[in-house]
Amino acid sequence: MKNKGIRILGIESSCDETACSVVVDGRTILSNSIASQADFHAKYGGVVPEIASRMHIEAILPTLREALSTAQLEYGDLDAVAVTKGPGLVGALLVGISAAKAICEVTGLPLVGVGHIEGHIAANYLADPDLHPPFVCLVVSGGHSHIIYCKDYTEFEVLARTRDDAAGEAFDKIARAIGLGYPGGPKIDRASQGGDKSAFVFPRTRFPDSLDFSFSGIKTAALNQIHRMEQRNETISVSDFAASYQNAIIETLTEHAILACQAVRCDRLCIAGGVSANTQLRSVMHRESIRAGIRFSYPPAILCTDNAAMIGSAGYFRYRNGTRDSLSMNAYPSLPID
Ligand code: KG4
Ligand code: ZN
């Protein structure tokens, strides 16, 4: 009989997506169900933690059922349950963790806790079946901006991090200020198409002897510029402003990611996290990687933003190296990657 592979049920609930997925051998997606709450948070301009927790409770069982039925499997066909244990909103994380524990308690399946950032990185294994460590990964999301040296499937070294805001936050805040709404990243991405990226000049922060990021300066400069123009009753060209602002962030991310590859002598580069869905970031990184002799790949947009297939993949590699968590596992809102 053909080997069925190791089937992992992945569960993700760290922010505003309730997601469940079945993944085989960390590489093949059998199902990828996502219940997004983004529309409910949009009217508040950002994620409201209390609303997120309540909505996860409502969505978790239907999403689990959908993931299993799409995969045409039952709990008894699985090998383990992987769940995001942090970082994220504590009330939101606890919903996924409680569901995972309940399944493990009833079925006897092993529980594998997974870091959310590690999950984002693993989305690249789902996209490229030939990707193996070592490689460098730029992880850019609503809460994180890291450059990580992935030495092995479960061994990571942080080469750079943000010292203040995450890239996604920088997108979300300015999108709100120019009236595009939440979530800002995809809206700035769309608005900037056709815009003039040299229409506005924004500062770029660099630290001596470090590839760390800082996005608070560019964010404040953009807000000041908006206020100045409003005071002078000048109309802001949303597409020019979005294109210039996005370009400044993307150039910084790309430059640091390529320098990081060169620093560790690695010629393989990936991206992960919600901001990595950005169309301009993908094309600029592609172009600059070729110039630098680096092979670059990225996941499809649906695997860049929060999903559970990435947790099923990262969970497989943890399962394979023997990670088993107890049913007293907690949520870790500030879980570090290293
Ligand atoms: O990874 P993710 O779904 O959740 C977190 O772990 O934070 O990332 C969400 C972030 C938000 O800030 C959103 O605005 C940003 O990713 N984002 C984008 C794009 N799609 C989502 N940023 C830029 N361009 C996009 N196309
Ligand atoms: Zn995320």
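Order of listing sets the numbers, starting from 1, for every ligand and every atom in it. All figures in this text were calculated on a predicted structure; none of them were measured in a lab. Side chains are part of it too, since the values below use all heavy atoms of this structure and drop only hydrogens, waters and symmetry mates.
Contact annotation: Ala277 has at least one heavy atom less than 4.0 Å from an atom of ligand 1. Ligand 1 lies less than 4.0 angstrom from a heavy atom belonging to His120.
The shortest N or O to N or O distance between Gly273 and ligand 1 is not under 3.5 Å. In terms of polar-atom proximity, defined here as any N/O pair under 3.5 Å, Glu17 makes no such contact with ligand 1. Inclusion of His144 in the set of residues having an N or O under 3.5 Å from an N or O of ligand 1 is not warranted. Residue His116 places at least one N or O, backbone or side chain, under 3.5 Å from an N or O of ligand 1. Ligand 1 has no N or O atom lying under 3.5 Å from any N or O atom of Thr279, backbone or side chain.
Checking Cys15 against the Zn ion (ligand 2), every N/O/S atom stays at or beyond the 2.8 Å cut-off. Under 2.8 Å from the Zn ion (ligand 2) lies an N/O/S atom of His120, whether from backbone or side chain.
Annotation: side chain of Val81 is not in contact with side chain of Lys101 (no heavy-atom distance under 4.5 Å).
Not one N or O on the side chain of Arg161 forms a donor-acceptor pair closer than 3.5 Å with the backbone of Ile147. The backbone N or O of Cys15 lies less than 3.5 Å from a partner atom in the side chain of His56, making a donor-acceptor pair. With Thr63 contributing its side chain and Ser33 its backbone, the two residues share no donor-acceptor pair below 3.5 Å. A distance-only check finds a donor-acceptor pair linking the side chain of Ser21 to the backbone of Ser31 [under 3.5 Å].
Taking the Zn ion (ligand 2) as reference, the nearest N/O/S atom within Asp306 carries the name OD1. Distances from the Zn ion (ligand 2) to the N/O/S atoms of His116 are shortest for NE2.
Among all non-hydrogen protein atoms, the one lying nearest atom 26 (N) of ligand 1 is Asp189 OD2, 2.9 Å. Given atom 21 (C) of ligand 1, the protein heavy atom at minimum distance is Gly274 O, 3.3 Å. Among all non-hydrogen protein atoms, the one lying nearest atom 24 (N) of ligand 1 is Asn278 ND2, 3.0 Å. Atom 2 (P) of ligand 1 has Asp306 OD1, 3.4 Å as its closest protein atom, hydrogens excluded (heavy atom only). For atom 22 (N) of ligand 1, the closest heavy atom belonging to the protein is Gly185 CA, 3.2 Å. Taking atom 11 (C) of ligand 1 as the reference point, the nearest protein heavy-atom neighbour is Asp172 OD2, 3.6 Å.
More than 12 non-hydrogen atoms from other residues, nucleotides or ligands lie less than 6.0 angstrom from CG of Leu259. Other residues, nucleotides and ligands contribute at most 12 non-hydrogen atoms within 6.0 Å of the CZ atom of Phe40.
Close approach of ligand 1 to Pro186 (heavy-atom distance below 4.0 Å) involves ligand atoms 14 (O), 17 (N), 18 (C), 19 (C), 20 (N), 21 (C), 25 (C), 26 (N). Interface of Ser141 with ligand 1, defined as ligand atoms under 4.0 Å from a residue heavy atom, comprises 1 (O), 5 (C), 6 (O), 7 (O), 8 (O). Set against the non-hydrogen atoms of Gly143, the atoms of ligand 1 under 4.0 Å away are 7 (O).
Of the candidates Ala301, Gly168, Gly142, Gly142 brings a heavy atom nearest to atom 10 (C) of ligand 1.
For Glu251 and Lys197, the salt-bridge test fails: no basic side-chain N is under 4.0 Å from an acidic carboxylate O. Ion pairing of Arg295 with Asp128 is present here, as a side-chain N (NZ or NE/NH1/NH2) and a carboxylate O approach within less than 4.0 Å. Checked for salt-bridge contact, Asp325 and Arg318 miss the test: no charged N lies under 4.0 Å from a carboxylate O. Arg54 and Glu58 are not joined by a salt bridge, as no carboxylate oxygen comes within less than 4.0 angstrom of a charged side-chain nitrogen.
Tracing side-chain contacts under 4.5 Å through hydrophobic residues (I, L, V, M, F, W, Y), one reaches Leu111 starting from Leu109; they form part of the same cluster. Hydrophobic clustering (ILVMFWY, side-chain heavy atoms < 4.5 Å, transitive): Ile117 and Leu269 are in distinct clusters.
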